[in-house]
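So the structure is just underneath, and the comments pick up after that.
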Amino acid sequence: MVRIEDIAQHEGSDIQLRGWMFNRRGSKRFIFMQIRDGSGFIQAVLNREEVDETLFDQIKRLPLESSVVVTGTVAADTRSKLGFELHVKGVEVVHSAEEYPIGKKEHGPDFLMQHRHLWIRSRRQHVVLRVRHSLVKAIRDYFDSRGFLLFDSPLLTANACEGTSTLFETPYFGKMAYLSQSGQLYQEAGAMAFGKTYCFGPTFRAEKSATRRHLTEFWMIEPEVAFADNDDNMDLAEDFMATIIGEVLDKHGDELREVLGRDTTALEKTAEGGFPRISYDEAIETLQRLHAECEDPETKQHLAIEWGSDFGGRHETELTKLYDRPIQVYDWPYAVKAFYMKRSERDPRLARCVDMLAPEGYGEIIGGGQREDNLEVREAAIDHHQLDPADFTWFTDLRRYGSVPHAGFGLGLERTVAWVCGLQHVRETIPFARTIDRLNP
RNA sequence: UGCCCAGUAGCUCAGCUGGUUAGAGCGGGUGACUGUUAAUCACUAGGUCCGGGGUUCGAGUCCCUGCUGGGCAGCCA
């Protein structure tokens, strides 16, 4: 049994393919079956003079997405994008499909999401989900080959780690448990035990955010490094991003350009590294200048910003437009960042943390920083964020027994896939997206 | 959660300031076509105009309300 991706090795031989007929064209003499087997797409040609007449008539009427076993000869053909097609000798219909709901013309997003279990069969979705796969592999390879230990954080937790975000609750043997919104705190314990760790798993946010950048269930990669400050952290984040984007480009550059119509220039720049690093102070100055120069009243209104505020989507977009690759904005106001961030010793108004902003308007793809390693500052922060210290005794313990400077970051997988593929919405970057109003399919 | 937009054939949509039997393309069916690339061409079937209430001689069209979806903002990855 041959897979379409290996077809080149079988030129001239008779083979069998198993798959689905996703489209069909034809004339009196020919039927062109478009076959998908999961590894690729190929055209199988039936010539009326070369196959049984009953078979020809059966295939002429075969509904789209019927499953088939096709026997034939592999032939090189310049008219095929793949370079090869199959000259059919026989077809066994495994299942004759009912009328397929997804047509060849455009569909609306709701219809496609309702039929996500079928939509994933399409060519574009194949590219997107394969990019996701390759990105995951590149990410794991990156850390695995640099001395990081995979250290899974729990998904069920007793406490919120960022205070403000809304958590999913679930009954837990007479108590309440929460679905994890970040594996980060546990990575700090991991880094104190193993030096360099990472986790890669699903994360849950019950925020009522219904935008193109939000899912209630999404995947995050979170490395954590002992004996590292925020500058080391930025070095790591940059090398990491350049490396994984480079690997995905090597594997999928052609598909991205041809199937998705993606202009890969910014991705190529990203793979070179050399990401500009901009302090929050500089970024605010730039944004205030952009605001002053802005002539579009709607943009201008959203660009207004004072020192001390977090960025909105428009700030990220306008700031990143000035660069041809991701940028790292560092040293944010302490007040707007999570309680575990390291308070700057140079300037106590600041936290030693960093956001990496993707170019082309895709916004934040990495958030991270150095962690507070001082016990007293840590306890004060827990108190200030009105968190229950009892939930965090294990966490503060890490500052009692050999505390060291340490840093790490979190990468949002879906936002990264959306950026790489140039998609409008993260819901296409995961097999079955979970959003505020979609739990099915 | 706030603001804006939409819901008409299986799908994507048109349907003007309210007016008689609601249209197109795709998909389905039937047929034609010597290699097609979202194939093309002809014919054909297919509708509780999202639900509820209201205004009117008359509502797909106007008003109220509910539901569903989309976009933006906030929050974030």
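Below, chain A is the first sequence line, B the second, and so on; all start at residue 1. Note that the coordinates shown come from a computational prediction; the quantities given were computed from them, not determined experimentally.
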Report the nucleotide, chosen from [options], that has the shortest atom-to-atom distance to any side-chain atom of [X].
| X | options | answer |
| --- | --- | --- |
| A/Arg25 | B/G69, B/U36, B/C11 | B/U36 |
| A/Asp310 | B/U12, B/C76, B/C33 | B/C76 |
| A/Arg438 | B/A77, B/U12, B/G70 | B/G70 |
| A/Arg213 | B/C75, B/U37, B/A39 | B/C75 |
| A/Arg212 | B/U30, B/U36, B/G71 | B/G71 |
| A/Glu99 | B/G69, B/G31, B/G28 | B/G28 |
| A/Val45 | B/G69, B/G35, B/A39 | B/G35 |
| A/Lys28 | B/G31, B/G35, B/C33 | B/C33 |

_Can you tell me if A/Arg427 touches the phosphate of B/G69, counting only side-chain N or O atoms and a distance under 4.0 Å to OP1 or OP2?_
no
Do you see a donor-acceptor pair shorter than 3.5 Å between the side chains of [X] and [Y]?
| X | Y | result |
| --- | --- | --- |
| A/Ser309 | A/Glu306 | no |
| A/Asn233 | A/Tyr330 | no |
| A/Thr54 | A/Asp52 | yes |

_What's the gap between B/A22 and B/U8 when it is taken at their C1' atoms, as a whole Å value?_
8 Å
*Using the P atom in both, what is the distance from B/G46 to B/U65, to the nearest Å?*
38 Å
Reckon [X] touches a base, only the sugar-phosphate, or nothing at all at heavy-atom distances under 4.0 Å?
| X | answer |
| --- | --- |
| A/His425 | sugar-phosphate |
| A/Gly363 | nothing |
| A/Glu414 | nothing |
| A/Gly26 | base |
| A/Asn23 | sugar-phosphate |
| A/Glu222 | nothing |
| A/Ser80 | nothing |
| A/Phe111 | sugar-phosphate |

hbond_proxy [X] side chain to [N] base (donor-acceptor, 3.5 Å cutoff):
| X | N | answer |
| --- | --- | --- |
| A/His214 | B/C76 | yes |
| A/Arg415 | B/C76 | yes |
| A/Gln34 | B/U37 | no |

Which whole-number value in Å describes the distance from [X] [atom1] to [N] [atom2]?
| X | N | atom1 | atom2 | value |
| --- | --- | --- | --- | --- |
| A/His107 | B/G25 | NE2 | P | 17 Å |
| A/Tyr100 | B/G29 | OH | C1' | 21 Å |
| A/Ile31 | B/A39 | CD1 | C1' | 14 Å |
| A/Gln114 | B/G10 | CD | C1' | 14 Å |

*Crowded around A/Arg121 CZ? As in, over 12 foreign heavy atoms under 6.0 Å?*
yes
*Please check if atom NZ in A/Lys300 has more than 12 non-hydrogen atoms from other residues, nucleotides or ligands closer than 6.0 Å.*
yes
*List the steps and the verdict of side chain to side chain contact (heavy atoms under 4.5 Å, CB included) for A/Glu372 and A/Lys342.*
CA-CA 4 Å; A/Glu372 186 52 71; A/Lys342 173 76 178 170; 3.3 Å; yes
*What is the distance from atom CG of A/Leu185 to atom CD of A/Glu222, rounded to the nearest 0.5 Å?*
9.0 Å
*5' precedence on RNA chain B between A/Ile366 and A/Pro101 (nearest-nucleotide basis)*: A/Pro101
